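Atom set for the values below is all heavy atoms of this structure, side chains included, hydrogens, waters and symmetry mates excluded. Every chain is numbered from 1 and lettered A, B, ... according to where its sequence line falls, protein lines coming before strand lines. Keep in mind that this is a model prediction, so the values were computed, not measured.
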Amino acid sequence: MKKTAKAKQRSAPLTDAQRIIGAVKKIPRGRVSTYGNIAEVAGLPRRARLVGTVLRQTPASTRLPWFRVINSSGRISFPVDSDAYESQRAKLEAEGIELIRGRVDLKRHAWPRRDTELDELLWKMDD
DNA sequence: GTCTTGACTAAGC
DNA sequence: GGCTTAGCCAAGA
């Protein structure tokens, strides 16, 4: 079928980076997710490192809850003595996510929850 | 095209 | 839980 001038945006191929950013935006306030989870939600299994790469090159100007993304052990993936670490920790605590001995309790704050929320997400993006 | 890097992870102690 | 090692895979040089 031929495309009209209006048809441009609908099937715009999302880049991996765009999908990752979209996934990060879905993290609810007061919750956290891991790099691996974000990759999975974005439809990019086994690309946890890509999530980190994308976040690194994403301008701070884009409103994105990047601080809600932590690694699989519940830790902030920055050196503990860095400004970035402190910044992330402060933002998390501002949302009520406490770090206990440098770790977030993933059992309590992880999103999506393994039991139900992930399934819903993956089903919904099917169409 | 090859080599190195890295905001990662899972597995084995 | 911590530490090490081996896989992983896209970006940059």
Looking at every strand, decide which applies to [X] at a 4.0 Å heavy-atom threshold: base, sugar-phosphate, or nothing.
{"X": "Thr34(A)", "value": "sugar-phosphate"}
{"X": "Leu55(A)", "value": "base"}
{"X": "Gln57(A)", "value": "sugar-phosphate"}
{"X": "Arg46(A)", "value": "sugar-phosphate"}

Arg68(A) side chain to Ile27(A) main-chain N or O, any donor-acceptor pair under 3.5 Å?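 Yes, because the side chain of Arg68(A) sits within donor-acceptor range (under 3.5 Å) of the backbone of Ile27(A).
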
Would you confirm whether Ser33(A), through its side chain, and Trp111(A), through its main-chain N or O, come within 3.5 Å as a donor-acceptor pair? yes

Quick one: is [X] getting a side-chain N or O under 4.0 Å of the [N] phosphate, OP1 or OP2?
{"X": "Arg75(A)", "N": "dG2(C)", "result": "yes"}
{"X": "Arg47(A)", "N": "dA10(C)", "result": "yes"}
{"X": "Ser77(A)", "N": "dA7(B)", "result": "no"}

Under a cut-off of 3.5 Å for both distances of each Watson-Crick or G-U pair, what dot-bracket string does DNA chain C give, using [ ] for crossing pairs and | for inter-strand pairs? .||||||.|||||

In terms of side-chain heavy atoms of Arg49(A), which of dC9(C), dG2(C), dA7(B) is nearest?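 Minimum distance to the Arg49(A) side chain belongs to dC9(C).
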
Which of dC8(B), dA10(C), dA7(B) is nearest the side chain of Leu50(A)? It is dA10(C)

[X] [atom1] to [N] [atom2], straight-line distance once rounded to whole Å:
{"X": "Phe78(A)", "N": "dG6(B)", "atom1": "CZ", "atom2": "C1'", "result": "12 Å"}
{"X": "Asn71(A)", "N": "dG2(C)", "atom1": "CG", "atom2": "C1'", "result": "13 Å"}
{"X": "Ile76(A)", "N": "dC8(B)", "atom1": "CD1", "atom2": "P", "result": "12 Å"}
{"X": "Glu40(A)", "N": "dA10(B)", "atom1": "CD", "atom2": "C1'", "result": "14 Å"}
{"X": "Arg56(A)", "N": "dC9(C)", "atom1": "CZ", "atom2": "C1'", "result": "14 Å"}
{"X": "Leu44(A)", "N": "dC8(C)", "atom1": "CG", "atom2": "P", "result": "17 Å"}

When you check the gap from the basic side-chain N to the acidic O, do Glu40(A) and Arg46(A) get nearer than 4.0 Å? no

Comparing nearest nucleotides in DNA chain C, the 5'-proximal residue of the pair Arg101(A), Asp16(A) is Arg101(A)

If you look only at pairs with a residue in residues 56-66 of chain A, which of them pass as a salt bridge (Lys or Arg N to Asp or Glu O under 4.0 Å), with sequence neighbours excluded?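 Residue pairs with at least one partner in residues 56-66 of chain A: there are none.
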
Steps toward side chain to side chain contact (heavy atoms under 4.5 Å, CB included) verdict (Glu86(A), Val80(A)): CA-CA 8 Å; Glu86(A) 280 307 316; Val80(A) 187; 5.8 Å; no

State which residue, out of Val51(A), Leu55(A), Thr58(A), fulfils the side-chain contact (heavy atoms from CB on, under 4.5 Å) condition with Ile21(A). Thr58(A)

Can you sort out the partners of Glu93(A) under salt bridge (charged side-chain N to carboxylate O under 4.0 Å, His left out), two or more places apart, ordered by chain and number?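 If we apply the salt bridge (charged side-chain N to carboxylate O under 4.0 Å, His left out) test to Glu93(A), skipping adjacent residues, the hits are Arg89(A).
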
